[in-house]
Amino acid sequence: MKKDDIFEFYARLAADNPAPETELNYGNVYQLVVAVALSAQSTDIGVNKATRLLFEQVKTPQQMVDLGLDGLKEHIKTIGLYNNKAKNVIALSELLIADYGGEVPANRDELTKLPGVGRKTANVVMNCAFGAETFAVDTHIFRVGNRTGLAPGKTVLAVEKKLEKQTPSPFRVHAHHWLILHGRYICKARKPECWRCPVADLCRFKKKTPAPASAD
DNA sequence: CTCCCGATAT
DNA sequence: ATATCAGGAG
């Protein structure tokens, strides 16, 4: 996409939502790490439903270790991939205690050493907790970037690099949230709602979906 | 590349 | 019935 269109693309999303935030619920940075780790291939709504009770009981890595593997599984049974996620969250909590004094490191390379925390999760934590200009490319951003032509790429890393290189400075902090929310509610995987899309005229995906009255 | 895996929308 | 959901590890 051309430079002026990229600027216009973000300017319009920003106008609709000046201060976008994650929709995952959390009370501290440790809980943010856990919530994002649990969110893989699952909806934010489903994760929030499970963490509401969990986070009342567990606010620190030590409290998670005390809860134990089976106790954690009981809380997150309703989330997909819960066996792997439970093991990772316990292991991640133990590592935070052993190597980081129970604190979450404010550094992407250190975050990535935590079990269940890959580049995307680390980028989310760096942005949401520490204000870093990171672009956490998830399924939504990968789709929106490719479909619209804003940031095409064959891999999530390629899309991330493109976003990092081309995103104008006024938008760099919030860009990834604008793109996720846009993908979640308008540029949806199954049924994109182009008729109410604020950037449809900038989008290479020319599929003109019907108006809502005749959409279904 | 495959496996992990429940809830929800279509 | 099947696709999709804030991916990561082996």
Side-chain angles (χ1 to χ4, degrees), chain A residues 13 17 20-26 29 31-55 69-70 72-95 108-130 132-147 150-151 153-160 163 173-194 207 209-210 212 214-216:
Chain A
L13 296 184
N17 189 357
E21 294 178 354
T22 178
E23 296 187 326
L24 291 167
N25 294 330
Y26 63 98
V29 183
Q31 290 183 342
L32 173 64
V33 173
V34 174
V36 181
L38 293 177
S39 71
Q41 298 291 285
S42 305
T43 61
D44 283 15
I45 294 173
V47 173
N48 289 338
K49 190 175 175 184
T51 56
R52 181 164 52 162
L53 283 175
L54 175 65
F55 286 167
L69 182 60
D70 291 337
L72 176 55
K73 282 186 182 179
E74 201 59 36
H75 275 280
I76 67 171
K77 258 182 187 168
T78 55
I79 305 176
L81 317 179
Y82 73 93
N83 277 301
N84 284 340
K85 289 174 181 176
K87 288 177 191 170
N88 285 333
V89 168
I90 294 296
L92 159 173
S93 302
E94 290 172 339
L95 187 60
R108 187 171 64 193
D109 291 333
E110 297 298 323
L111 285 167
T112 308
K113 293 178 182 175
L114 301 172
V117 177
R119 187 182 181 89
K120 175 254 160 183
T121 297
N123 280 337
V124 174
V125 173
M126 288 308 297
N127 179 269
C128 295
F130 304 118
E133 295 180 354
T134 49
F135 303 86
V137 180
D138 68 339
T139 182
H140 296 299
I141 296 187
F142 185 73
R143 180 181 66 254
V144 171
N146 278 294
R147 181 186 278 167
L150 175 74
K154 290 183 179 178
T155 66
V156 291
L157 186 58
V159 172
E160 180 185 332
L163 289 170
V173 173
H174 295 307
H176 97 270
H177 279 130
W178 281 315
L179 296 178
I180 284 175
L181 296 172
H182 184 63
R184 184 176 296 163
Y185 297 115
I186 297 178
C187 194
K188 299 188 289 187
R190 291 252 201 140
K191 205 179 79 170
E193 301 182 358
C194 302
K207 184 172 183 294
T209 55
S214 56
D216 300 324

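Reminder, nothing fancy here: chain letters follow the sequence lines and each chain counts from 1. Just so you know, these numbers come straight off a predicted model, no measurement behind them.
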Is [X] touching bases, backbone alone, or none of the nucleic acid, heavy atoms closer than 4.0 Å?
X         : value
Lys85(A)  : nothing
Leu24(A)  : base
Val137(A) : nothing
Asn84(A)  : base
Val36(A)  : nothing
Gly46(A)  : nothing
Thr22(A)  : base
Ile180(A) : base

In whole angstrom, give me the gap between the [atom1] atoms of [N] and [M].
N      : M      : atom1 : result
dA3(C) : dT2(B) : P     : 15 Å
dA6(C) : dC1(B) : P     : 23 Å
dA7(B) : dG8(C) : P     : 23 Å

Rounded to the nearest angstrom, tell me the gap between atom [atom1] in [X] and atom [atom2] in [N].
X         : N       : atom1 : atom2 : result
Asp44(A)  : dT4(C)  : CG    : C1'   : 13 Å
Asn48(A)  : dC5(C)  : CG    : P     : 17 Å
Asn88(A)  : dG10(C) : CG    : C1'   : 12 Å
Leu111(A) : dA6(C)  : CG    : P     : 21 Å
Asn83(A)  : dC5(B)  : CG    : C1'   : 9 Å
Leu38(A)  : dC4(B)  : CG    : C1'   : 14 Å
Gln41(A)  : dT2(C)  : CD    : C1'   : 15 Å
Ile79(A)  : dA6(C)  : CD1   : P     : 12 Å

Heavy atoms from C-beta onward define the side chain here; which of [options] lies closest to that of [X]?
X         : options                 : value
His140(A) : dA9(B), dC5(C), dG7(C)  : dC5(C)
Arg190(A) : dG7(C), dC5(B), dT2(C)  : dT2(C)
Ala40(A)  : dG7(C), dA6(C), dG6(B)  : dG7(C)
Lys188(A) : dC5(B), dG7(C), dT10(B) : dT10(B)
Cys128(A) : dA3(C), dA6(C), dG7(C)  : dA6(C)
Thr139(A) : dT2(C), dC5(B), dC5(C)  : dC5(C)
Lys49(A)  : dA9(B), dT8(B), dA6(C)  : dT8(B)

Task: Closest-nucleotide 5' rank along DNA chain C - winner of Pro115(A) and Ile45(A) - done: Ile45(A)

Task: Flag if over 12 foreign heavy atoms under 6.0 Å of CG, Leu157(A) - done: yes

- [ ] Mark yes when over 12 heavy atoms from residues, nucleotides or ligands other than Lys49(A) sit less than 6.0 Å from its NZ; otherwise mark no.
- [x] no

Measuring to OP1 and OP2 of [N], would you say a side-chain N or O of [X] lies under 4.0 angstrom away?
X         : N      : result
Arg119(A) : dG7(C) : no
Thr78(A)  : dG6(B) : no
Arg143(A) : dC5(C) : yes

Task: Derivation of the side-chain contact (heavy atoms from CB on, under 4.5 Å) call for Thr51(A) and Val34(A) - done: CA-CA 9 Å; Thr51(A) 56; Val34(A) 174; 5.5 Å; no

- [ ] Using atom types as modelled and distance alone, determine if a side-chain donor or acceptor of Asp138(A) lies under 3.5 Å from a backbone N or O of Ile180(A).
- [x] no

Task: Exam field: side chain Arg143(A) to backbone Gly183(A), donor-acceptor pair closer than 3.5 Å - done: yes

Task: Audit row: Val137(A), Ile141(A), side-chain contact (heavy atoms from CB on, under 4.5 Å) steps and yes/no - done: CA-CA 5 Å; Val137(A) 180; Ile141(A) 296 187; 4.1 Å; yes

Task: Nearest non-hydrogen partners of Val89(A) and Leu38(A), listed with the distance - done: CG2-CD2, 4.1 Å

Task: Any N/O donor-acceptor pair, Thr43(A) side-chain to dA6(C) base, under 3.5 Å - done: no

